[in-house]
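One structure is given below, encoded as C-alpha cells.
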Amino acid sequence: MFTLAHLSDPHLAPLPAPRLADLASKRVLGWAHWRRTRHRIHRAERVEALVRDLEAQAPDHVAVTGDLVNIALAAEFPQARAWLQTLGPPHDVTLVPGNHDAYVRAALADHTTHWGEFMRGDDNATPALAFPFVRRRGPLALIGLTSAVATGPFMATGRLGPEQIARLEALLPRLAGHFRVVLIHHPPGRSRSGRFKRLTDAPALRAALARQGAELVLHGHDHVHALDWLPGPRGPIAALGVPSASAAPLEGHHVEPAAYNLYRVDGSAGAWRCEAVTRGFCADADGIAELERRELTIPG
C-alpha cells in the first residue's frame, strides 16, 4: 500500500513587510486585504499543527497544490522553500503552483529559483520548469500541471493553455498501468468561487481526461472540502479539493478549518483500491482528528 498526503493553500504567515515599490501593482490590493482580514484567517500555528499531524501519519509522499505565498513578494519565496523542506526532501514532496504564487508576472522566475526541485519530473534534468511533469513514486504517476498565471486586479482565474493540455493528453495513455494522479491548483470541475476565480479552460481539461482517463485529480484554490466526479473513458474520475492548510474560523466569514487528505492506494491496473481519509481541525475544537474516511470508486 502506498500513502499519498495532499494539502494546499497554506498562505504562509507572516507576510514580510513590503517596500513601497512592491505595492505599485496588484499587490497593494492583496496587502490591504491581508492587513484587514486574511492575517486572522491564515494562521502559522494552524499549518504547523497540521504538518506535525501529517508527519505522524508517515505518508510515502506529499503533494502540495499551490498558494504557498500571499502576494508574491520576493522575500516570501525563500520562506516558502524552508516550509516545503519541513515536509520532506524534493524527492518526497511534489508541488504545483497556485495563482497567489503568480500574483504578479515577475514572480514566475522565483518558482524556478526557489522551488524548482519540487516541480521537476523524473526525466527533466534541466533547471527550467516544464509542465506537465511526471514523477513515478511506487504505483503512482504524479502528473503536475500549472494553472498559475498573473491576472488583473480582483481576478484569480487560472489557465492551462492548449499546449499544456495537449501534452497532458499525450502523456496519460503512456502512463496507463500506473495509478495516475493529476495535480492542479484550480478545480477542474465546478468552481465554488465564481466566475472570476475559475479555471478558464476547464472544459478542455475535462475533455482530455474524458478521452484518456486518470485515476484521481487533486486540487486546492477554493479552500473547501470538495468532491466532483469528472467524465472518464471507463467511469467517473474523482476530483478532490481540500481547505486551506492554515485556515482558522473567523466570525462573520465562512471559513472551513484547516485539513488535509490521505490517499491509501493498493491493487493494480484495472483493480485499484483507494481509501481517502480526511484529517483536520473540527469546527468546534482546536485539536486535529480524523474527520472522514471513504472508499473511492476508481475506474477499472
Side-chain angles (χ1 to χ4, degrees), residues 1-13 41-68 83-84 86-88 92-96 98 137-140 142 179 181-185 187 189 192 215-230 236-250 253-267 271-298:
M1 181 177 293
F2 189 96
T3 301
L4 173 69
H6 171 223
L7 69 164
S8 196
D9 299 77
H11 291 283
L12 296 167
I41 295 173
H42 298 293
R43 306 302 299 259
E45 66 271 17
R46 283 258 163 160
V47 72
E48 288 166 4
L50 208 70
V51 169
R52 286 195 299 271
D53 187 82
L54 186 153
E55 290 172 344
Q57 307 307 311
D60 297 294
H61 199 82
V62 181
V64 184
T65 50
D67 277 4
L68 275 63
W83 177 78
L84 281 170
T86 69
L87 299 176
D92 298 330
V93 180
T94 297
L95 169 69
V96 295
R137 301 291 185 269
L140 273 60
L142 299 158
F179 189 93
V181 182
V182 177
L183 305 175
I184 184 173
H185 179 69
R192 292 156 176 84
E215 279 60 57
L216 204 58
V217 180
L218 305 181
H219 67 86
H221 188 58
D222 284 343
H223 298 190
V224 297
H225 296 283
L227 171 58
D228 290 309
W229 293 96
L230 310 178
I237 301 166
L240 295 102
V242 289
S244 162
S246 59
L250 181 63
H253 295 77
H254 175 69
V255 178
E256 294 196 12
Y260 69 95
N261 285 345
L262 294 168
Y263 299 95
R264 296 182 175 129
V265 177
D266 203 356
W272 294 114
R273 291 184 61 252
C274 181
E275 180 186 58
V277 178
T278 299
R279 295 187 60 83
F281 289 89
C282 300
D284 55 354
D286 290 331
I288 296 174
E290 182 176 315
L291 305 177
E292 186 178 25
R293 182 183 294 254
R294 73 174 87 192
E295 189 81 17
L296 296 176
T297 301
I298 306 300

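Evaluation of the ring-ring contact (aromatic ring centres under 6.0 Å, His included) rule for H11 yields H42, H100, H223 as partners, not counting sequence neighbours. Legend: residues meeting side-chain contact (heavy atoms from CB on, under 4.5 Å) with R294, ordered by chain and number and at least two apart, are L227, A276, E292, L296. Taking P10 as the reference, L12, V47, L68, W83, A245 meet the side-chain contact (heavy atoms from CB on, under 4.5 Å) condition, with sequence neighbours excluded. Residues passing the ring-ring contact (aromatic ring centres under 6.0 Å, His included) test with H221 are H185, H186, sequence neighbours excluded. V181 meets the side-chain contact (heavy atoms from CB on, under 4.5 Å) test with L4, L140, L142, F179, L183, L216, L218; sequence neighbours excluded.
With H225 contributing its side chain and V242 its backbone, the two residues share no donor-acceptor pair below 3.5 Å.
Expressed to the nearest 0.5 Å, how far CG of D228 lies from CD1 of I237 amounts to 12.5 Å. Atom CD1 of I298 is separated from atom CG of D266 by 12.0 Å, given to the nearest 0.5 angstrom. With rounding to the nearest 0.5 Å, the separation of OG1 in T297 from CH2 in W272 is 16.0 Å. The structure places CG of L240 at 8.0 Å from OG1 of T278, a figure rounded to the nearest 0.5 Å. I41 CD1 to R46 CZ: the interatomic distance, rounded to the nearest 0.5 Å, is 11.5 Å. The CZ atom of R273 sits 11.5 Å away from the CZ atom of R264 when rounded to the nearest 0.5 Å.
Closest heavy-atom contact between L95 and G66: CD1-N, 4.1 Å. For the pair S246 and D9, the tightest heavy-atom approach, listed with the atom from each and the gap, is OG-O, 4.1 Å. Of all the heavy atoms in R43 and A248, the pair that sits closest is CG-CB, 3.8 Å. Here the shortest heavy-atom pairing between A247 and V255 reads CB-CG1, 3.7 Å. S8 and G220 get closest at one heavy-atom pair: OG-CA, 3.4 Å. Minimum interatomic distance between A49 and I288 (heavy atoms only, all atoms of both residues): O-CD1, 3.4 Å.
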Item to check | Residues I184, V96; criterion side chain to side chain contact (heavy atoms under 4.5 Å, CB included); working and verdict | outcome: CA-CA 6 Å; I184 184 173; V96 295; 5.6 Å; no
Would you be so kind as to tabulate the donor-acceptor pairs closer than 3.5 Å made by side chains of residues 53-60, with sequence neighbours excluded?
unit_1	atom_1	unit_2	atom_2	d
D53	OD1	R279	NH2	3.0
D53	OD2	Y260	OH	2.6
D53	OD2	R279	NE	2.7
D60	OD2	T3	N	2.8

